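First comes the structure, then the notes that go with it.
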Amino acid sequence: FLSPTLGVDSEECQVEPRHYLVSTAVEEVQKIIQQLTIEISCKAIRFQAISNSGIHNENIKVLAPSQFLITVPLRGLTGYRECQVQHWRYYTVHGAKLLSSVRDPEELHQWLQVEQFSKCLPQWHETDVNIEGDLVPAKVLIIFRELVEKSIISCNLSMTVMESFSSMVRVAVETSESQVEVELVPAVEIPTCWPKKAQWPRCLKRWPSQEKVQCIKSLGFDLLAHSNYHWQLCFFRAEHILMEGLDEDGGCRMKCFRVMRQMKEDVWCAGNKPVVTAYHLQTVLFWTCEKYPRTKDWRCFREAFLRLVRKLHKCVSQHFLKHYFVKNTNLLKYTNTSDLDLVASKLAVFLENPMLCLD
């Protein structure tokens, strides 16, 4: 009963059906969203259709089996450079200037101005998205939502726009197995530079290698229209490359991650809208890989897996999980603390007798 391998195989068996179900859902959702974005790009030149590259599509983030985030590239903004002079202007979505600042941008957010691009379409200077040179995410989202609603009808797609109290655009997509909630986020892709806010790596580390660091930073980043005023820094391409080469040394990092994700979805934090998503687990994995960079640290599945779970328990208990690239950002800052405490209690029970839950 207490054998280190007991229960691991059974949990791994559950991972495979999950992979099949998620792969199928990604394929179906991607096909529908691609149709949608092709139609949108025909109606409005500023928006670009997503690509079709299967489950490894960098535009698609699977947060949970029935919760996806898909970035929709914005067209006609190239030659990005970071702004040297900061200004703090705030507006209503109708363009009226507010007399005082609402708040400064947080670490993961920034302003975006047309003049930061050496080349841009004339449409980005229009007042439907631009106020005094600022590209305003809330205004981009208003236009995007209207295009989504019209394109769903014109393409007769099996999806509906969900009600939202914020400016975010969420749709419910019907697949052959279930309904998937998809957040669609317009994104400015910046493949030419690495943001100054992302002081990474913080010092010389054994993981990842310097060659991998250079490769990742050469891929740049994205800016997401994810709030009213500020654009959110996003590193999906960098994260994809980190995940892709995790076990080049023959370790068990990905196996640990997959089993932890399955346990989270089945036991620790189930449901359609979990407070802890696969994205959070990915960041936990990165921090643990950095702290334990040696090949021998990832030879024994049991030890490596429990190490990951202890790290997750610590983050959830403290309501604090640092973003891997922008260290001053807490990914759990706006998460319901009661829900986090419930997850922490389940993790604590598991850690008291880990084989009981894995068996």
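Just so it is clear, the values below take in all heavy atoms, side chains as well, and ignore hydrogens, waters and symmetry mates. What you see is a predicted model, and the numbers here were worked out from it, not measured in a lab.
Under a hydrophobic clustering in which Ile, Leu, Val, Met, Phe, Trp and Tyr are joined whenever their side-chain heavy atoms come within less than 4.5 Å, directly or via other members, V140 and L121 fall into the same cluster. I40 and M162 are not part of a single hydrophobic cluster, where members link through side-chain heavy atoms under 4.5 Å apart. Grouping the Ile, Leu, Val, Met, Phe, Trp and Tyr side chains by contacts below 4.5 angstrom, directly or via other members, places V26 apart from I38. Connection of L108 to F320 is not established within any shared hydrophobic cluster, with ILVMFWY side chains joined at heavy-atom distances below 4.5 Å, either directly or through further cluster members. Note: the hydrophobic cluster containing M260 also contains V267 (ILVMFWY, side chain heavy atoms under 4.5 Å, direct or indirect links).
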Practice problem: Under the salt bridge (charged side-chain N to carboxylate O under 4.0 Å, His left out) rule, what do E27 and K31 come out as? Steps first, then yes or no, please. | Solution: CA-CA 6 Å; E27 187 178 332; K31 185 177 180 180; over 6 Å; no

Exercise. Test R170 against E181 for salt bridge (charged side-chain N to carboxylate O under 4.0 Å, His left out), laying out the working first.
Key: CA-CA 7 Å; R170 291 187 175 93; E181 180 182 316; 3.5 Å; yes

Practice problem: Test salt bridge (charged side-chain N to carboxylate O under 4.0 Å, His left out) on E244 and K212 and set out the steps. | Solution: CA-CA 11 Å; E244 203 173 45; K212 181 65 69 72; over 6 Å; no

Self-check item: Full working for salt bridge (charged side-chain N to carboxylate O under 4.0 Å, His left out) between K333 and E106
Solution: CA-CA 11 Å; K333 183 174 182 178; E106 296 185 356; 3.5 Å; yes

Quiz item: Given the rule in the side chain to side chain contact (heavy atoms under 4.5 Å, CB included) test, do C256 and F301 qualify, once you have shown the distances and angles that lead to the verdict?
Solution: CA-CA 7 Å; C256 289; F301 171 82; 3.9 Å; yes

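Considering only heavy atoms from C-beta on, N59 comes within 4.5 Å of S51 through its side chain. Two residues are said to be in side-chain contact when any heavy atoms from C-beta on lie closer than 4.5 Å; L36 and L184 meet this criterion.
In terms of heavy atoms, P201 sits closest to K217 at CD-NZ, 4.5 Å. Of all the heavy atoms in A225 and V185, the pair that sits closest is O-CG1, 3.6 Å. Closest approach of V180 and P65 over heavy atoms only: CG2-O, 4.4 Å. R237 and I190 make their closest contact through NH2-O, 3.7 Å (heavy atoms, listed as atom of the first residue, atom of the second, distance). The shortest heavy-atom contact between K311 and T288 is CG-OG1, 3.7 Å.
Here CD of Q35 is found 6.5 Å from SG of C155. Values are rounded to the nearest 0.5 Å. With rounding to the nearest 0.5 Å, the separation of NZ in K346 from SG in C269 is 7.5 Å.
For the 3.5 Å distance criterion, the side chains of Q48 and T37 fail to qualify, holding no donor opposite an acceptor. In the model, E239 has a side-chain atom that pairs as donor or acceptor with a side-chain atom of Q282 under 3.5 Å. Judged purely by distance below 3.5 Å, without hydrogens or angles, the side chains of T283 and H280 never pair a donor atom with an acceptor atom. Donor-acceptor pairing under 3.5 Å is recorded for the side chains of E39 and S154. Between the side chains of Q67 and K61, not a single donor N or O lies within less than 3.5 Å of an accepting N or O.
The aromatic rings of W287 and Y324 lie perpendicular to each other, with more than 60° between the two planes, well past the 30° mark.
Here W194 and F325 bring their ring centres to under 6.0 angstrom of each other. Taking the six-membered ring for Trp and the full ring otherwise, the centers of F235 and H323 sit less than 6.0 Å from each other. Taking the six-membered ring where the residue is Trp, the centroids of W111 and H230 are separated by under 6.0 Å.
A cation-pi contact, defined as under 6.0 Å to the ring centre and within 45° of the axis, is absent between R75 and W124.
Taking a 4.5 Å side-chain heavy-atom cut-off between Ile, Leu, Val, Met, Phe, Trp and Tyr, the cluster of L21 extends to Y20.
Counting only distance, with no hydrogens or angles, the side chain of N130 and the backbone of G133 share a donor-acceptor pair below 3.5 Å.
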